[in-house]
Amino acid sequence: MLLLFVLVSVISFAGSIHPGPVNVAVAQATLSHSRSAGLWLALGGSLPEIVYSVLAAGGLMLLPMESSWTVLLTYIPIPVLLVSGLAAFRQKPVVLNATPVGGVSVQFWKGIVLGGTNPQLVVFWSAVWLYLNSATLGGHMLIPAGSVGKWVFALGTAAGAFALLAVVVWLVDRQRERVLDYINGPRINRLTGWLFISMALWQTVRVVTN
């Protein structure tokens, strides 16, 4: 279970690297208010990951695991991960507005709203769930049967997203504008893109060789 939590957290951390509305809002709150405001927004922005990942895993667990379904589901992560990788390459810089964005008390709910308006996370986490659900380690399934594995998976998605956003808060608080230039640079998007494309290629190899 610990390995599953860590692995999902790492995937969530990497998937949150490229700039998006929540990342930029966290940086903006940190610049305009304080580190505490940025962390509260980061917490709110990471919680919707739990909802979307539970919906993804829970919905897939309800599907009948007949042979035809099993074969089809092994192919689904490939195009989803490829599209996610290509989208990271095409990610455009996000402009920071350094004007005040509200008091500290509203940052948490602003994070929830921003994080909740990203329904494509259901598709992404569905692909990751399918990818990990067929993986084994030492002869044992990486995701065990039952609902416990689903909740460990969901908590890992939120933990990874929050960890990345907390790093953004810490770096922006220390480096300010220099960090924003780096976040919006092409190297971060390329790194994220190649990560997802590599996962898609590995899943392709697994499907072909099985």
Side-chain angles (χ1 to χ4, degrees), residues 3-24 45-46 48-63 65-94 114-137 141-143 149-150 153-154 156-161 163-165 168 182-210:
L3 178 60
L4 173 62
F5 178 82
V6 172
L7 184 57
V8 174
S9 297
V10 170
I11 294 174
S12 182
F13 185 97
S16 303
I17 287 178
H18 63 87
V22 178
N23 305 55
V24 175
S46 60
E49 299 272 353
I50 296 178
V51 177
Y52 286 129
S53 58
V54 167
L55 288 174
L60 291 170
M61 288 174 69
L62 295 176
L63 293 176
M65 289 293 101
E66 299 173 359
S67 58
S68 57
W69 275 106
T70 304
V71 174
L72 176 62
L73 292 177
T74 59
Y75 285 92
I76 291 178
I78 298 173
V80 173
L81 293 170
L82 280 175
V83 170
S84 299
L86 294 175
F89 280 108
R90 296 174 60 86
Q91 178 74 35
K92 295 181 180 179
V94 183
L114 289 174
T117 54
N118 191 15
Q120 59 264 35
L121 284 175
V122 175
V123 179
F124 174 75
W125 286 122
S126 294
V128 174
W129 172 268
L130 291 170
Y131 178 82
L132 296 178
N133 201 41
S134 60
T136 58
L137 181 67
M141 298 299 297
L142 186 59
I143 300 181
K150 177 180 68 176
F153 177 85
T157 65
L164 185 278
L165 294 173
V168 171
Y182 181 72
I183 289 176
N184 274 330
R187 286 178 294 180
I188 288 293
N189 292 336
R190 290 172 186 166
L191 178 63
T192 306
W194 281 119
L195 172 67
F196 291 144
I197 290 174
S198 298
M199 291 175 64
L201 292 176
W202 176 243
Q203 180 67 8
T204 303
V205 171
R206 291 169 60 185
V207 169
V208 172
T209 55
N210 285 340

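The residues of the chain are indexed from 1 along the displayed sequence. Excluded from the calculations below are hydrogen atoms, water molecules and symmetry mates; all remaining heavy atoms, backbone and side chain alike, are included.
Using modelled atom types, no side-chain atom of Y52 and backbone atom of A154 make a donor-acceptor pair closer than 3.5 Å.
By the side chain to side chain contact (heavy atoms under 4.5 Å, CB included) test, S198 pairs with no residue at all, sequence neighbours left out. Residues satisfying the side-chain hydrogen bond (donor to acceptor under 3.5 Å, both in side chains) test with S46, not counting sequence neighbours, are none. For V6, the side chain to side chain contact (heavy atoms under 4.5 Å, CB included) partners two or more places apart in sequence, or in a different chain, are L2, V10. Taking A163 as the reference, F13 meet the side chain to side chain contact (heavy atoms under 4.5 Å, CB included) condition, with sequence neighbours excluded.
Rounding to the nearest 0.5 angstrom, the gap separating the CG atom in L55 from the NZ atom in K150 is 9.5 Å. Between the CD1 atom of I197 and the OG1 atom of T204 there is a distance of 11.5 Å, given to the nearest 0.5 Å. Distance check: W129 CH2 to T157 OG1 gives 11.0 Å after rounding to the nearest 0.5 Å. With values rounded to the nearest 0.5 angstrom, S12 atom OG is found 9.0 Å from F153 atom CZ.
Heavy atoms only, all atoms of each residue included: S126 and A56 are closest at OG-CB, 3.2 Å. The two residues G149 and L4 make their nearest non-hydrogen contact at O-CD2, 3.8 Å.
The one candidate from V168, L164, L165 that meets the side chain to side chain contact (heavy atoms under 4.5 Å, CB included) condition with V22 is L165. Of the options L7, I11, V8, a side chain to side chain contact (heavy atoms under 4.5 Å, CB included) to V128 is made by I11 and by none of the others.
Between V205 and L201 the shortest side-chain heavy-atom distance does not fall below 4.5 Å.
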